[in-house]
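Keep in mind it's a predicted model, so treat the numbers as computed, not measured.
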Amino acid sequence: MFFSKRIWAPTESVGEIAFPRRYNQEKKFSCDDCETKKIQEEDMLGEFSKAHEAIRSLDSSIAKIRFEMPSTKTFFGTKEMEDLPTMITADTERIGIRRKPFVVIGINTAFSGRRRRDSIRETWMPQGEKLLRLEQEKGIVVRFMIGHSAISNSILDRAVDLEDAQHKDILRLDHIEGYHELSAKTKDFFATAVANWDAEFYVKVDDDVHVNLGTLAAMLARHRLKSMVYIGCMKSGPVLNRKNVKYHEPEFWKFGDPGNKYFRHATGQIYAISRDLAKYIAINRPILHKYANEDVSLGAWLIGLEVEHIDDRSMCCGTPPECEWKAQAGKVCVASFEWSCSGICKSVQRIKHVHAKCGENAATLWDALL
C-alpha cells in the first residue's frame, strides 16, 4: 500500500497512459541525457498506447459478438440450438443460447393422479418461472409423464391438455395408459425424453415419492464421467409365481425354480440411468422384452451390458422420522417413501409434512454446481 500527503489532480488522457506531474519532474531533473531519455519515454508511451487501443478494439469486438449472438438462431435449426450450451453473462442473463440439459426427470403419473400432481407442485417441484429458470440455469428438466387413453380425444385427454396449458409441466407420451403397461411406458418415456433432450442423465420417479432436486443433482454430478451407469436402491426380491397376488410374475419359470429371486435391479420408485443407456433403450425398444414389473424389465434390459450398478441408499429413505434424522445429521436424502405402500402412504395428505421435515434448503438447488 502507498500513502502520500500530496494529492494530484487526475490528468486528462486521450488514449495515453498518464503519469503524475511529480514523477515527470523527477525524471526530468534526474536524467543525465535528457534528450535521449525523453525519446525513450516517448517510444515506451507509444507502445503502451498501441496496446491500450488494441485492448479497447478487442473489447468492442467481443461486445459486438455478444450483441449479435441471438441472430445465430437464423443459421441453426431449433434442435441444434437446444443442443448448444447456454452462455450466461456475469449477471446470469441469458443472451440467446440455451443450456444443454444435465438431467431429465420424468414423474410417472396417471389420469387419476391430478391431486398427486398438485401435491408435488406445492412441495418439491418448482412452478412457473422457477421451473423455466431451473431448466435454463441448471439444466434440470422436470416433467410429469403421461400417455393417452384408448379413446381418441377423450375427456381424460382433454383434461390433461388443459392442465398442461395451465402449468406447462406435462410430457405426453405415445402410449396407451394402463397399470399393466408400465414397462412399455418406461420404454416410451426414455425414447421420448432422448428425442427431446440430449441430457447426461434420465430419471424416472413415481408421483407419490418425495424428492430433493438439489441433492439428486449433486449425487448425479459425482457420476457424470461414467458413460454406462445405473443408479438406484438395488434389490433382489422373490419371483412371485402365485396368481392373483400383487407383483405376480407370469414368466416366473424363466428365473429358475420356485423360490428363486430376481437378479439385482433398482427399485421402481426412483432410479437414474446415463445418456448412453437411455439411448440404447430408445433405439432397441421394439425388441426389449417386457416383464410384468417395470423395475424388473429395466434391470433385464441392462444386465447383459457393461453397466456399472450403483446402490445408493439415499434414494430410498423412509419418511419422518428417518429422513428427518438424516437431514439433521447433514445427510439429506435424495428421495423418501414407505416400502409398505411402494410410495408415501396417502401421499396427497402427507407429502407436505414429509417436505417440511425432510426437504432440502432452497439454496441447495439453486447453488448446485452442475
Side-chain angles (χ1 to χ4, degrees), residues 76-85 98-110 135 139-148 160 164 169-207 216-217 220-221 223-232 234 263-310 315 370:
F76 293 96
T78 303
K79 178 62 179 173
E80 286 80 359
M81 286 300 296
E82 290 180 354
D83 287 343
L84 292 174
R98 211 172 152 185
R99 171 175 176 152
K100 183 175 181 179
F102 171 65
V103 58
V104 175
I105 302 169
I107 307 171
N108 183 34
T109 190
E135 181 175 341
I140 300 176
V141 179
V142 188
R143 297 287 189 276
F144 291 103
M145 57 161 171
I146 190 170
H148 298 270
V160 171
D164 186 38
D169 59 3
I170 296 178
L171 176 65
R172 299 304 297 267
L173 306 178
D174 185 14
H175 167 81
I176 303 299
E177 282 293 321
Y179 179 79
H180 296 292
E181 294 296 330
L182 290 181
S183 293
K185 186 175 183 179
T186 299
K187 288 197 291 185
D188 290 337
F189 162 64
F190 287 126
T192 305
V194 166
N196 284 277
W197 298 281
D198 184 22
E200 296 183 47
F201 293 96
Y202 298 84
V203 173
K204 176 262 174 182
V205 59
D206 289 339
D207 62 0
L216 170 63
L220 294 175
H223 304 290
R224 71 190 316 167
L225 298 181
K226 304 170 183 177
S227 62
M228 304 276 280
V229 65
Y230 172 33
I231 311 170
M234 299 295 166
F263 40 77
R264 194 71 62 176
H265 61 280
T267 187
Q269 285 84 353
I270 180 173
Y271 50 73
I273 59 176
S274 55
R275 177 197 293 118
D276 288 351
L277 297 182
K279 287 184 175 180
Y280 168 80
I281 294 171
I283 293 170
N284 295 284
R285 61 175 173 161
I287 60 173
L288 293 176
H289 186 67
K290 298 175 293 183
Y291 289 100
N293 299 300
E294 161 248 343
D295 53 355
V296 172
S297 294
L298 179 66
W301 302 336
L302 305 182
I303 197 168
L305 306 178
E306 288 293 339
V307 174
E308 180 179 354
H309 290 58
I310 296 178
M315 297 178 74
L370 305 176

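When side chains are defined from C-beta on, N196 does not count as touching V141, because their heavy atoms never get closer than 4.5 Å. The shortest side-chain heavy-atom distance between K290 and E181 falls under the 4.5 Å cut-off. The side-chain heavy atoms of L298 and I281, taken from C-beta on, include a pair separated by under 4.5 Å. The side-chain heavy atoms of I270 and V203, taken from C-beta on, include a pair separated by under 4.5 Å. The closest side-chain heavy-atom distance from N284 to W301 is not below 4.5 Å.
E308 is linked by a salt bridge (charged side-chain N to carboxylate O under 4.0 Å, His left out) to K226, counting only residues two or more places apart in sequence or in another chain. In terms of the ring pair (Phe, Tyr, Trp, His ring centres under 6.0 Å) criterion, residue partners of H309 (sequence neighbours excluded) are, by chain and number, Y230. Every residue two or more places apart in sequence or in another chain was checked for a ring pair (Phe, Tyr, Trp, His ring centres under 6.0 Å) with Y202, and none qualifies. In this view, F201 and F102 satisfy the ring pair (Phe, Tyr, Trp, His ring centres under 6.0 Å) rule, not counting sequence neighbours. Under the rule for a side-chain hydrogen bond (donor to acceptor under 3.5 Å, both in side chains), the partners of K185 that lie at least two apart in sequence or sit in another chain are N108, E177. Here R285 pairs with D188 under the side-chain hydrogen bond (donor to acceptor under 3.5 Å, both in side chains) rule; sequence neighbours left out. The side-chain hydrogen bond (donor to acceptor under 3.5 Å, both in side chains) test applied to T109 returns R117, D207, not counting sequence neighbours.
Minimum interatomic distance between A282 and A191 (heavy atoms only, all atoms of both residues): CB-CA, 3.7 Å. Nearest heavy-atom pair, F263 versus I303, reported as atom, atom and distance to 0.1 Å: CB-CD1, 3.4 Å. For the residue pair H265 and V296, the shortest heavy atom distance occurs at NE2-CG2, 3.8 Å. Counting all heavy atoms, side chain and backbone alike, V194 lies closest to A278 at CG2-CB, 3.7 Å. The heavy-atom pair separating L173 from H148 by the smallest distance is O-CD2, 2.9 Å.
When each of I273, L277, V229 is tested with V307 by the rule side-chain contact (heavy atoms from CB on, under 4.5 Å), just one qualifies, namely L277.
The distance from atom CE of M315 to atom CE of M234, rounded to the nearest 0.5 Å, is 8.5 Å. Atoms CD1 and NE2, on I231 and H223 in that order, are 4.5 Å from each other to the nearest 0.5 Å. Here the CG atom belonging to L220 is positioned 7.5 Å from the CD1 atom belonging to I105, to the nearest 0.5 angstrom.
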For side-chain contact (heavy atoms from CB on, under 4.5 Å), just list the numbers for V103 and L216, CA-CA rounded to whole Å, side-chain angles, deciding distance to a tenth of an Å, and then say yes or no. CA-CA 10 Å; V103 58; L216 170 63; 5.6 Å; no
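Every pair passing side-chain hydrogen bond (donor to acceptor under 3.5 Å, both in side chains) that includes a residue from residues 266-281 is listed here, sequence neighbours excluded: D198-R275, T267-Q269, Y271-E294.
D206 has a carboxylate O that lies under 4.0 Å from a charged side-chain N of K204, or vice versa, which qualifies the two as a salt bridge.
With D164 contributing its side chain and D169 its backbone, the two residues share a donor-acceptor pair below 3.5 Å. Judged purely by atom type and a 3.5 angstrom limit, R172 uses its side chain to pair as donor or acceptor with the backbone of G147.
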